[in-house]
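Here is the structure we will look at, set down as structure tokens.
In this chain, residues are counted from 1 in sequence order. Quick caveat: nothing in here was measured; it's all calculated off a predicted structure.
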Amino acid sequence: MQRTFVMIKPDGVQRGLIGRILSRLEDRGLKLVAAKLMWVSRELAEAHYAVHKNQPFYPKLIDYITSSPVLAMVWEGPEAVAAVRQTMGATRPREAAPGSIRHDFGLDVGRNLTHASDSAENAEAEIRLWFKPEEILSWDRDLDRWIFE
Ligand code: IDP
Ligand code: MG
């Protein structure tokens, strides 16, 4: 099983979409292993988005992510990184596939609702950045044998 870091960004929380976004991941069979509602400090936002530091949109991205609480999570499943990226859809909501979260709930790239790690390496680094080891649970879901082959 693979783990991936997922965040519902401030627009998703403010718009009351937490439940619907989580339902899509649960419905798909992914398993929630950590979650916390939190204000993101500028320091954490800058560490998380360090790779985008030289992008023109970077200052606005940091303002956006720190503007209101986010829901930070870890989800687990087979090839969870790719599976969750697929459920989120392309970065630009107007280019995201119908049925994906970014398509179905969004329009602008600067209000694209969610973050999900884009590789196994980045998932491990992001989980380490956002969560303490004891905040991540190992638990058996009785349904697992009906979802995981
Ligand atoms: P991702 O979230 O799909 O991995 P990245 O390219 O890693 O997309 O960009 C990180 C975040 O930066 C995006 O989710 C979006 O919030 C923001 N972003 C990316 N490109 C633009 C842009 O051209 N204008 C405004 N914001 C952008
Ligand atoms: Mg990214």
Side-chain angles (χ1 to χ4, degrees), residues 1-53 55 57-58 61-93 96-97 99-106 109-149:
M1 289 298 154
Q2 192 177 55
R3 287 177 171 178
T4 188
F5 173 71
V6 179
M7 168 179 31
I8 301 182
K9 293 175 175 177
D11 47 336
V13 176
Q14 285 282 347
R15 290 175 56 192
L17 295 174
I18 289 175
R20 280 196 274 174
I21 291 171
L22 297 199
S23 284
R24 289 185 177 213
L25 298 173
E26 286 185 321
D27 286 350
R28 201 151 179 216
L30 291 149
K31 181 159 74 176
L32 185 64
V33 296
K36 54 185 173 186
L37 186 70
M38 59 189 284
W39 283 99
V40 181
S41 65
R42 288 195 86 78
E43 187 187 11
L44 177 56
E46 285 169 8
H48 177 74
Y49 281 125
V51 62
H52 296 305
K53 202 170 178 61
Q55 297 290 333
F57 59 80
Y58 177 79
L61 177 58
I62 299 300
D63 287 346
Y64 165 44
I65 292 301
T66 57
S67 61
S68 190
V70 305
L71 187 71
M73 296 166 280
V74 180
W75 286 82
E76 190 176 274
E79 296 191 42
V81 169
V84 172
R85 291 281 293 186
Q86 185 182 41
T87 292
M88 295 315 174
T91 303
R92 298 176 183 282
S100 66
I101 288 166
R102 283 165 166 176
H103 171 278
D104 290 358
F105 296 113
V109 66
R111 296 289 182 272
N112 64 357
L113 297 148
T114 56
H115 167 85
S117 309
D118 64 4
S119 68
E121 301 70 45
N122 286 340
E124 281 182 28
E126 290 173 359
I127 289 168
R128 232 178 296 120
L129 179 65
W130 287 79
F131 286 93
K132 300 183 188 118
E134 63 268 27
E135 292 174 324
I136 303 167
L137 309 185
S138 282
W139 60 288
D140 289 322
R141 189 173 53 177
D142 293 347
L143 267 177
D144 281 352
R145 70 194 178 98
W146 301 109
I147 296 171
F148 306 140
E149 190 184 352

Quick one: closest heavy-atom pair of [X] and [Y], and the distance?
| X | Y | result |
| --- | --- | --- |
| Ser68 | Pro10 | O-CG, 3.5 Å |
| Pro78 | Phe148 | CD-CE2, 3.4 Å |
| Ala72 | Met38 | CB-SD, 4.0 Å |
| Phe131 | Ala34 | CE2-CB, 3.7 Å |
| His48 | Trp130 | ND1-NE1, 3.1 Å |
| Leu71 | Val13 | N-CG2, 4.0 Å |

Distance, nearest 0.5 Å, that separates [atom1] of [X] from [atom2] of [Y]:
| X | Y | atom1 | atom2 | value |
| --- | --- | --- | --- | --- |
| Ile18 | Leu37 | CD1 | CG | 6.0 Å |
| Lys9 | Leu17 | NZ | CG | 14.0 Å |
| Ser41 | Ile62 | OG | CD1 | 10.0 Å |
| Thr4 | Glu124 | OG1 | CD | 10.5 Å |

Does [X] reach the side chain of [Y], with side-chain heavy atoms less than 4.5 Å apart?
| X | Y | value |
| --- | --- | --- |
| Glu46 | Tyr58 | yes |
| Tyr64 | Asp11 | yes |
| Arg20 | Ile101 | no |
| Trp139 | Val33 | yes |
| Trp75 | Leu22 | yes |
| Lys31 | Ile147 | no |
| Glu76 | Arg141 | no |
| Leu25 | Met88 | yes |

Determine whether more than 12 heavy atoms belonging to other residues, nucleotides or ligands lie under 6.0 Å from atom [atom1] of [X].
| X | atom1 | answer |
| --- | --- | --- |
| Glu43 | CD | no |
| Asp27 | CG | yes |
| Gln14 | CD | no |
| Glu79 | CD | no |

Using modelled atom types only, decide if a donor and an acceptor are shared between the side chain of [X] and the backbone of [Y] within a distance under 3.5 Å.
| X | Y | value |
| --- | --- | --- |
| Gln2 | Ala80 | yes |
| Arg102 | Thr114 | yes |
| Thr87 | Val84 | no |
| Asn112 | Thr91 | yes |
| Arg15 | Leu113 | no |
| Arg3 | Ile136 | no |

Mind telling me whether His115 and Phe5 have parallel, tilted or perpendicular rings, with 30° and 60° as the class edges?
tilted
Could you walk me through whether Val70 and Lys36 pass side-chain contact (heavy atoms from CB on, under 4.5 Å), step by step?
CA-CA 8 Å; Val70 305; Lys36 54 185 173 186; over 6 Å; no
Does the distance from a Lys or Arg side-chain N to an Asp or Glu carboxylate O, for Asp104 and Arg24, drop under 4.0 Å?
yes
